Structure formats: structure tokens, C-alpha cells
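Everything numeric in this text was worked out from a predicted model, so none of it was measured. When reading the values below, keep in mind they use all heavy atoms of this one structure, side chains included, and skip hydrogens, waters and symmetry mates. One-based numbering along the sequence shown.
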Amino acid sequence: MPQLAVGDAAPAFTLPDSEGRETSLESLLEGGTTGVVVYFYPKACTPGCTREACDFRDSLAAWRAAGYNVVGVSPDKPELQRKFIDRQSLPFPLLSDPEHEVLEAWGSWGEKKNYGKTYTGVIRSTVVVGKDGTVELAKYNVKATGHVDRLRKALGID
């Protein structure tokens with residue numbers, strides 16, 4: 001699936017959160033005044049994903065003040081998402097997409113290269129969706145460290 005671009009309609013989704021409750025893009029958009037930040041990460045409780053999640057956690061007040069909800073999506077099962085939330089005191093939902101359906105629809109599942117090996121997996125990415133459901137910003141193949149600060153700068157959130 002091609003990656004999303006500014007102006008595209010964000011594909012609708014409904015996925016289970018860490019408690020097994022169904023969470024939809026629509027409900028996330030309803031909860032924010034500006035939109036929602038959807039970030040895709042490879043694996044809960046790993047160093048890079050922990051860094052990224054904690055950066056979102058530590059700047060959540062600024063995101064919320066700007067009217068954005070934040071949600072993370074990975075192929076991890078809800079039980080591992082719950083452990084990750086508990087260990088890192090994450091105050092936003094993490095959603096489970098073990099079949100990669102949403103990851104694929106949002107262009108965040110595909111071929112990757114690491115240490116000379118090619119494989120298929122999660123492409124670390126973030127898509128900012130406006131209140132009207134269109135993509136405002138889409139970043140793919142991002143580095144975990146410093147990514148949240150770069151997003152905030154791009155959106156004028158301080």
C-alpha cells in the first residue's frame with residue numbers, strides 16, 4: 001500500500017486497545033479539537049519504541065493544549081501493550097494490529113533493511129490527521145530519537 005500524503009483521507013480503523021476495548025479513528029478525532037497524532041512503532045518495550053513513547057508522554061500536555069489526541073499502533077497483542085503502558089506510565093492509548101491491516105492501509109508496513117538484511121515489518125511513522133479526517137502531516141522511516149520534537153516544530157507546537 002502506498003504511503004499517505006498531505007490532503008489524503010485517513011483510512012478509517014477500529015482496533016483493540018490494551019484493555020481489549022475497540023477504539024476507532026472516529027472516536028479519537030471526536031476527542032480532540034484539532035485532530036489526532038497516530039504513530040506506528042515496531043515493538044512495545046524495546047529501546048527505540050520506549051524512547052519514542054516516552055517523548056510523546058513527556059510532551060503530551062503540549063499536544064493536548066494544541067488540541068491533538070495521541071495514539072500508538074503496533075502489531076503487539078493487547079497484553080504486551082498493557083505491560084508497556086504500565087511500565088512507562090503512558091497516558092494515551094496503544095492499539096493492537098496483529099494482522100497488519102491498519103499498518104498496511106496507512107503505508108506503515110513494508111520492506112525494511114537493517115544491517116544488510118531485507119525483511120518486512122513496521123515502518124516507524126507518524127501521521128497527523130486533522131479534525132476533518134484528512135492527513136495534515138505524514139512522516140515515514142523516522143528515527144525514534146528526536147522525532148517527537150521534530151513533529152512539534154513542524155506543527156508549531158511548543
* Residue K83 excluded, over 12 heavy atoms near NZ under 6.0 Å -> no
* **Side-chain (S27) to main-chain (T23) donor-acceptor, under 3.5 angstrom** => no
* Is D86 salt-bridged to R82, going by a charged N under 4.0 Å from an acidic O? -> yes
* To do: Look at atom CD of E19 and say whether more than 12 heavy atoms of other residues, nucleotides or ligands are closer to it than 6.0 Å.
  => yes
* Should we count CZ of R51 as having more than 12 external heavy atoms under 6.0 Å? -> no
* Structure fact -> One should read off an interatomic distance between E104 CD and T120 OG1, to the nearest 0.5 angstrom, of 9.5 Å
* Residues in side-chain hydrogen bond (donor to acceptor under 3.5 Å, both in side chains) with S59, at least two apart? -> W63
* S74 and Q81: side-chain donor and acceptor closer than 3.5 Å? -> yes
* Asked: Is V128 linked to V135 within one hydrophobic cluster, defined over Ile, Leu, Val, Met, Phe, Trp and Tyr using a side-chain heavy-atom separation of less than 4.5 Å?
  -> no
* Nearest 0.5 Å, what's the CG-CD distance between D8 and E136? -> 13.0 Å
* Does V36 offer a backbone N or O that forms a donor-acceptor pair with the side chain of N69 under 3.5 Å? -> no
* **F84 side chain near D76 side chain, heavy-atom distance below 4.5 Å** => no
* Between the side chain of D149 and the main-chain N/O of K153, is any donor-acceptor distance below 3.5 Å? -> no
* Asked: Is R57 reaching over with its side chain to a backbone N or O of Q88, donor-acceptor style, under 3.5 angstrom?
  -> yes
* **K131, NZ: over 12 other non-hydrogen atoms inside 6.0 angstrom** => yes
* Main-chain N/O of L4 paired with Y140 side-chain donor or acceptor, under 3.5 Å -> yes
* Counting N and O atoms only, with roles assigned by atom type, does the side chain of S125 sit under 3.5 Å from a partner on the main chain of I123, one being a donor and the other an acceptor? -> yes
* Step by step, work out the side chain to side chain contact (heavy atoms under 4.5 Å, CB included) result for F40 and W109. => CA-CA 9 Å; F40 299 91; W109 182 262; over 6 Å; no
* Report the distance from atom OG1 of T126 to atom CG of L151, rounding to the nearest 0.5 Å. => 5.0 Å
* Is F92 reachable from L95 through a run of hydrophobic residues whose side-chain heavy atoms are each under 4.5 Å from the next? -> no
* Structure fact -> Rounded to the nearest 0.5 angstrom, the OG1-CZ distance for T145 and R150 is 8.0 Å
* Flag, side chain of S96 to backbone of D17, donor-acceptor distance under 3.5 Å -> no
